[in-house]
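What's counted below: heavy atoms across the whole structure, side chains too, no hydrogens, waters or symmetry copies.
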Amino acid sequence: MLAFLAHYGTHFIVPIVVAYWGYRAQFRKTLLLLWAGIVIDLDHLLASPIFDPERCSMFFHPFHSSYAIALYLLLLFFKKTRLIGLACCIHMIADSLDCLL
């Protein structure tokens, strides 16, 4: 239960907090963009089976690779891509928590 709450709380509640505290003037737009980071999980469609509750996503799927994570971190440094990078990084944190727990 703790893993479920940590994983989905990070996916859905953390973006609410980030959008409210960091981007209050554009809260709705920012929140939707941060939630859109969930599309990273489309790479799960490449795996067989698509969902395995015992498998850690980190470093297994292409959008969860170390190269992808490096790109997500790089996106944080540029104003035009910062929110996309933040959405991706929040997603990686959520999936890392899932693996740890």
J.: Applying the 4.5 Å side-chain criterion to the ILVMFWY set and letting contacts propagate, would M58 and F60 be lumped into a single cluster?
T.: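 In one cluster: no.
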J.: If every non-hydrogen atom of A87 is compared with every non-hydrogen atom of G37, which pair is closest and at what distance?
T.: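 Closest heavy-atom pair between A87 and G37: CB-CA, 4.0 Å.
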J.: Hydrophobic clusters here meaning ILVMFWY residues chained together by side-chain heavy-atom distances under 4.5 Å, can you tell me if F59 and Y72 are in one?
T.: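 Same hydrophobic cluster.
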J.: Considering only heavy atoms from C-beta outward, does the side chain of S57 approach that of D98 to under 4.5 Å?
T.: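 S57 does not reach D98 side chain to side chain.
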J.: Using side chain to side chain contact (heavy atoms under 4.5 Å, CB included), reason through L76 and C89 one step at a time and then give a plain yes or no.
T.: CA-CA 9 Å; L76 294 172; C89 287; 3.9 Å; yes
J.: Of the non-hydrogen atoms in P15 and T10, which two are nearest, and what is the gap between them?
T.: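 So the minimum-distance heavy-atom pair works out to CD-O, 3.3 Å.
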J.: Nearest 0.5 Å, what's the NE2-CZ distance between H61 and R55?
T.: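 Going from NE2 on H61 over to CZ on R55, the span is 4.5 Å.
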J.: Going from CG on L83 to CG on L33, what distance comes out if it is rounded to the nearest 0.5 angstrom?
T.: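 One gets 5.5 Å once the value is rounded to the nearest 0.5 Å.
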J.: Is there a side chain to side chain contact (heavy atoms under 4.5 Å, CB included) between R24 and T30 once you walk through the steps?
T.: CA-CA 9 Å; R24 194 173 302 170; T30 302; over 6 Å; no
J.: Do L73 and V14 land in one hydrophobic cluster if side-chain heavy atoms of ILVMFWY residues count as linked below 4.5 Å?
T.: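 Yes: a chain of side-chain contacts under 4.5 Å links L73 to V14.
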J.: Measuring from T81:OG1 to L86:CG, what's the distance to the nearest 0.5 Å?
T.: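 So the OG1 of T81 and the CG of L86 are separated by 11.0 Å.
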J.: Not counting sequence neighbours, which residues clear ring-ring contact (aromatic ring centres under 6.0 Å, His included) with Y8? List them please.
T.: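 Only F4 meet the ring-ring contact (aromatic ring centres under 6.0 Å, His included) criterion with Y8.
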J.: If I take atom NE2 from residue H91 and atom CG from residue L34, how far apart are they, to the nearest 0.5 angstrom?
T.: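 Rounded to the nearest 0.5 Å, the NE2-CG separation comes to 13.0 Å.
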J.: Test side chain to side chain contact (heavy atoms under 4.5 Å, CB included) on I40 and H64 and set out the steps.
T.: CA-CA 8 Å; I40 290 173; H64 295 72; 3.6 Å; yes
J.: So which heavy atom on A68 is nearest to which on P62, and how close?
T.: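 That closest heavy-atom pairing would be CB-O, 3.7 Å.
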J.: Below 4.5 Å, heavy atoms only, C-beta onward: do P53 and F51 meet side chain to side chain?
T.: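 Yes, close enough: below the 4.5 Å cut-off.
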J.: Got more than 12 heavy atoms from elsewhere within 6.0 Å of CZ, F27?
T.: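 Yes.
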J.: If you round to the nearest 0.5 Å, how far is CG of L2 from CG of L97?
T.: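 So the gap between those two atoms works out to 9.0 Å.
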J.: Would you compute the distance between atom CD1 of I93 and atom NE2 of H7 and round it to the nearest 0.5 angstrom?
T.: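 NE2 of H7 is found 12.5 Å from CD1 of I93.
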J.: Does I16 belong to the same Ile/Leu/Val/Met/Phe/Trp/Tyr cluster as Y23, with side-chain heavy atoms less than 4.5 Å apart forming each link?
T.: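 Not linked; separate clusters.
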J.: Between V18 and I38, is there shared hydrophobic-cluster membership here, with clusters defined by ILVMFWY side-chain heavy atoms closer than 4.5 Å?
T.: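 No, because V18 and I38 fall into different hydrophobic clusters, even though each may have its own neighbours under 4.5 Å.
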J.: L75 vs R82, test: side chain to side chain contact (heavy atoms under 4.5 Å, CB included). Steps then yes/no.
T.: CA-CA 6 Å; L75 293 174; R82 186 167 294 140; over 6 Å; no
